[in-house]
J.: 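Below you will find the structure I want to go over with you.
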Amino acid sequence: MALRYIKKEGDPILTKKSRPIENFDAKLVQLIEDMAETMRDANGVGLAGPQVGILRQVAVVDTGDGLIELINPEIINQSGEQQEMEGCLSCPGVYGITVRPMAIEVKAKNRQGNEIILKAEGFKARAICHEIDHLTGILFRKRIIKMLN
Ligand code: ZN
């Protein structure tokens with residue numbers, strides 16, 4: 001495993017759309033494990049491919065109860081609304097209130113290439129929405145309705 005460099009706001013890769021993962025191979029497993037290690041080292045709760053220079057639809061999330069691996073994720077259901085504080089490892093020192101769904105249902109693949117459906121709410125839903133935004137080239141700054149610094 002290895003730590004990867006986290007790209008910062010201003011790097012053009014962060015505003016590009018990621019392509020789907022097609023090969024579920026050892027290279028993907030290595031990437032996911034590096035991303036999880038990099039996220040934890042930076043005390044983050046999520047990290048997406050473009051943030052480590054990989055324009056592919058892969059992200060990791062851990063809000064305290066275990067690692068979630070999201071490959072080619074898609075939000076298939078959402079409900080409610082939450083307005084809470086958010087930050088991003090690519091935007092150090094930037095914090096703001098964003099609007100996100102309170103609950104989501106996500107379809108994705110796991111590292112073996114099998115389809116998974118997962119449900120999340122509250123903080124975890126917010127973190128997953130934030131990472132899926134990264135895969136479409138959207139930084140959370142665009143979602144801020146009130147800056148906190
Ligand atoms: Zn982020």
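Worth saying up front: this structure is predicted, and the values here are computed from it rather than measured. Both ligands and their constituent atoms are indexed starting at 1 by order of listing.
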J.: Are more than 12 heavy atoms, taken from residues, nucleotides or ligands other than Glu9, located less than 6.0 Å from that residue's CD atom?
T.: yes
J.: Donor-acceptor pair, distance only, cut-off 3.5 Å: does the side chain of Asn77 make one with the backbone of Glu105?
T.: no
J.: Hey, any chance Leu67 and Ile54 share a hydrophobic cluster, counting ILVMFWY side chains that come within less than 4.5 Å of each other, even indirectly?
T.: yes
J.: Which residues and atoms, protein N, O or S only, are under 2.8 Å from the Zn ion (ligand 1)?
T.: Cys88 SG, His130 NE2, His134 NE2
J.: Please check: side-chain N/O of Thr136 versus main-chain N/O of Lys17, any donor-acceptor pairing under 3.5 Å?
T.: no
J.: Would you please say whether a donor-acceptor pair under 3.5 Å links the side chains of Gln51 and Ser90?
T.: yes
J.: Do Arg126 and Gln82 have side-chain atoms, one donor and one acceptor, less than 3.5 Å apart?
T.: yes
